[in-house]
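Everything below concerns the one structure shown next.
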Amino acid sequence: MFNVIIKNGKGEVLSSVECPVDVCAIGKSRSNLIQLRGWKVAPQHAEIQRTAEGLFVDCVSQKATVEVNGKPVEHYGPLHTTDQIHIAGYYLQVGEMRKRAGKEKPLGATVVRSLEGEPEESSDDEDQFLKTVIGVSHHAALEESQELSRTILELRHKDKFKWRNRVHEELLAAMDLRRTDVTAMSEEELRKHVKGIIQNIITELDARLPADVDRKRLAKEVLDEAVGLGPLEDLVDDESVTEIMVNRYDDIYVERNGKLTKSEVTFSSDDAVMSAIERIVSPLGRRIDESSPMVDARLRDGSRVNAIIPPLALRGPCLTIRKFAKQKLTADDLVKFGAISPAMVAFLKVAVEQRRNIVISGGTGSGKTTLLNVLSNFIPPDERIVTVEDAAELKLVQPHLVSLEARPANLEGKGQVTIRDLVKNCLRMRPDRIVVGECRGGEALDMLQAMNTGHDGSLTTAHANTPRDLISRLEVMVMMSGMDLPVQAIREQVASAVDIVVQQTRFSDGSRKIVNVTEITGVEGGTVQMQDIFVYEQTGFDENGKVKGHFKPTGRVPEFYEDLRKRGINVDMSIFNG
């Protein structure tokens, strides 16, 4: 076995190829172990052979040339680590892999081991090879260990995905040769068709594949990258993963049980991440490119997706997937998770059924949309509901449902439909209830007006840290509408429209809990008056670092409960007893 380092004319390392057989073919044909691009490269250009005397290079094309150390050759060897093989603008250097302490070890592995905390002496040949290939001596490499480590890790990364990329290229060529019309296939048919092609390609390559390459795993990885989300497929299927964050193609984090951990899976390149992003957004009629480098989208199961690409993302395309549970959560599930108490569920159920306007408030990732889904299920099935969202996420079960989704501008910058446009439009659709996925701008004014003009029982979410902060946020969002309204008028509008604020918080241990259920009672002295109905009191942490505490009623009875009781409606007043 031997290594081949490939560099361009500037001396930059392009890749490192490990040759597991005695003959390494070089050329632009896909059948070569080392595939080089360029019109000067012949389909079968050269071969490097390993013999008992050492490594030799042969020019195998009559119309091509091979140079070693600047001189044309037909056959040259044995090769030394300092020899430069020149092929059509590429420079190749070879390094013999020889045994040491009973194990085969590539040249340069000593420096890698020393960077990983296992110092070991290297031979003069290895030092010279490192000096020639990477441009630094062994001792200089140790002084600049971080830079060298990155270089070697990048080479290892390219080697890791070498066969996956090779099969992927063969797949694209085969589908292009067969003029495959993927648009006419269903997803299941496409996967089956592509899977068959991949199996044929791997069978043809089997003789050249190293023995340590898992054929089944290779086929799955290529299939996922060709028609799915690549290495993210396993993470999407993993029910313990609630969020996936791709910071860079080789830097992926996941959230499990509210905690972030780095994942071992990686993409092969930035292009692979871009392909996954495009496969997500294209079916939704959305686009992402340099002129529109940010996009919100969703997966088939409703999971929320955000993508941002260069030039805004400096390290490469970024992708964030917030997964939704495959099984729809219910109020009983939230009680089981400790996110809410049974008394709070009973109160919120009555509030929704009795058409109270509710705003769910909380920080990013605190569970606002999940709670909105749960509360929406309390809406009676005979009412007409219109939902308005940036990217459709809500999963309501009522039969009389209309779902509206905002639309970004097209390539010409036209055709944008905002949340605010949809809220205005849905007022003309005779809704009994309006459910807005999230208020984050001028649509807050239209939502408040809808709540004040006969659309009682409407629901929405907003970002805020406390119920009192929510009032300030609503004021700011109303001002963002462009209407020059006095603050007093805005506060009166808020107090008149919003009945209940449900505050969610995500704690340091990753748990999510409803910490306040607050009633808005009116405006006095220019200040919106509020009273807590239920609160969560934290008492500390247990031995596992989990938050300890309890839910408790404050003893105050909501004003609308008194009205219900006066109207003869039977309500459970015991839930408010402290």
- Task: Say whether Glu53 and Thr51, considering side chains only, have a donor N or O and an acceptor N or O under 3.5 Å apart.
- Result: yes
- Item | Main-chain N/O of Lys10 paired to Asn8 side chain as donor or acceptor, under 3.5 Å | yes
- Query: Would you call Glu438 and Arg440 a salt bridge, taking side-chain N to carboxylate O under 4.0 Å as the test?
  - Reply: yes
- Report yes or no: does Asp509 contribute a side-chain atom to a donor-acceptor pair with the main-chain N or O of Val547 at less than 3.5 Å? yes
- Dump the intermediate steps for side-chain hydrogen bond (donor to acceptor under 3.5 Å, both in side chains) on Ser291 and Asp289, then the final yes or no. CA-CA 5 Å; Ser291 63; Asp289 50 41; 2.6 Å; yes
- Note on the structure: So CD1 of Ile309 and CE of Met274: to nearest 0.5 Å the spacing works out to 4.0 Å
- Message: Quick one: does any side-chain atom of Gln35 pair with a main-chain N or O of Lys28 as donor and acceptor, under 3.5 Å?
- Response: yes
- Message: Salt bridge check, Lys220 against Asp234: does any charged N sit closer than 4.0 Å to a carboxylate O?
- Response: yes
- Query: Is the shortest heavy-atom distance from the side chain of Val222 to the side chain of Ile201 under 4.5 Å?
  - Reply: no
- Item | Sequence-distant partners of Glu67, salt bridge (Lys or Arg N to Asp or Glu O under 4.0 Å), two or more places apart | none
- Task: Assess the side chains of Asn200 and Thr203: does a donor N or O sit below 3.5 Å from an acceptor N or O?
- Result: no
- Query: Would you call Ile252 and Phe267 a side-chain contact if the rule is heavy atoms closer than 4.5 Å?
  - Reply: yes
- Query: Tell me, which pairs form a salt bridge (charged side-chain N to carboxylate O under 4.0 Å, His left out) where one or both residues lie in residues 305-316, sequence neighbours left out?
  - Reply: Asp251-Arg315
- Item | Option passing side chain to side chain contact (heavy atoms under 4.5 Å, CB included) with Val246 (candidates Val265, Ile321, Leu319, Leu229) | Leu319
- Between atom CG of Leu79 and atom CD of Gln93, what is the distance when rounded to the nearest 0.5 Å? 10.5 Å
- Under 3.5 Å, is there a donor-acceptor pair between the side chain of Asn32 and the main chain of Ile34? no
- Item | Check: Gln84 main-chain N/O paired with Asn69 side-chain donor or acceptor under 3.5 Å | yes
- Query: Any salt bridge between Arg248 and Asp250, counting N to O under 4.0 Å?
  - Reply: yes
- Item | OG1 on Thr461 to CD on Glu389, rounded to 0.5 Å | 9.5 Å
- Cys19/Ile48 under side chain to side chain contact (heavy atoms under 4.5 Å, CB included): CA gap, chis, key distance, verdict: CA-CA 10 Å; Cys19 298; Ile48 298 175; over 6 Å; no
- Item | Donor-acceptor pair between Arg512 and Thr370 side chains, under 3.5 angstrom | no
- Query: To the nearest 0.5 Å, what is the distance between NZ (Lys259) and OH (Tyr253)?
  - Reply: 14.5 Å
- Message: Please check: side-chain N/O of Asn373 versus main-chain N/O of Lys395, any donor-acceptor pairing under 3.5 Å?
- Response: yes
- Output yes when Glu405 and Arg298 qualify as a salt bridge under the 4.0 Å nitrogen-oxygen rule, no when they do not. yes
- N/O donor-acceptor pair under 3.5 Å between Asn544 side chain and Lys546 backbone: no
- Message: How long is the straight-line distance from NE2 of His463 back to OG of Ser366, given to the nearest 0.5 Å?
- Response: 7.0 Å
- So, does Ser282 use its side chain to make a donor-acceptor pair with the main chain of Glu278 at under 3.5 Å? yes
- Looking at side-chain heavy atoms only, is the closest gap between His45 and Val66 below 4.5 Å? yes
- Task: Using a 4.5 Å cut-off on heavy atoms from C-beta on, say whether the side chain of Asp271 contacts that of Tyr249.
- Result: no
- How would you list, by chain and number, every residue that makes a salt bridge (Lys or Arg N to Asp or Glu O under 4.0 Å) with Arg37, sequence neighbours excluded? Glu169
- Query: Applying the salt bridge (Lys or Arg N to Asp or Glu O under 4.0 Å) test to Glu255, which of Lys262, Lys323, Arg322, Arg506 qualifies?
  - Reply: Arg506
- To the nearest 0.5 angstrom, please state how far the CG atom of Asp83 sits from the CG atom of Leu92. 12.0 Å
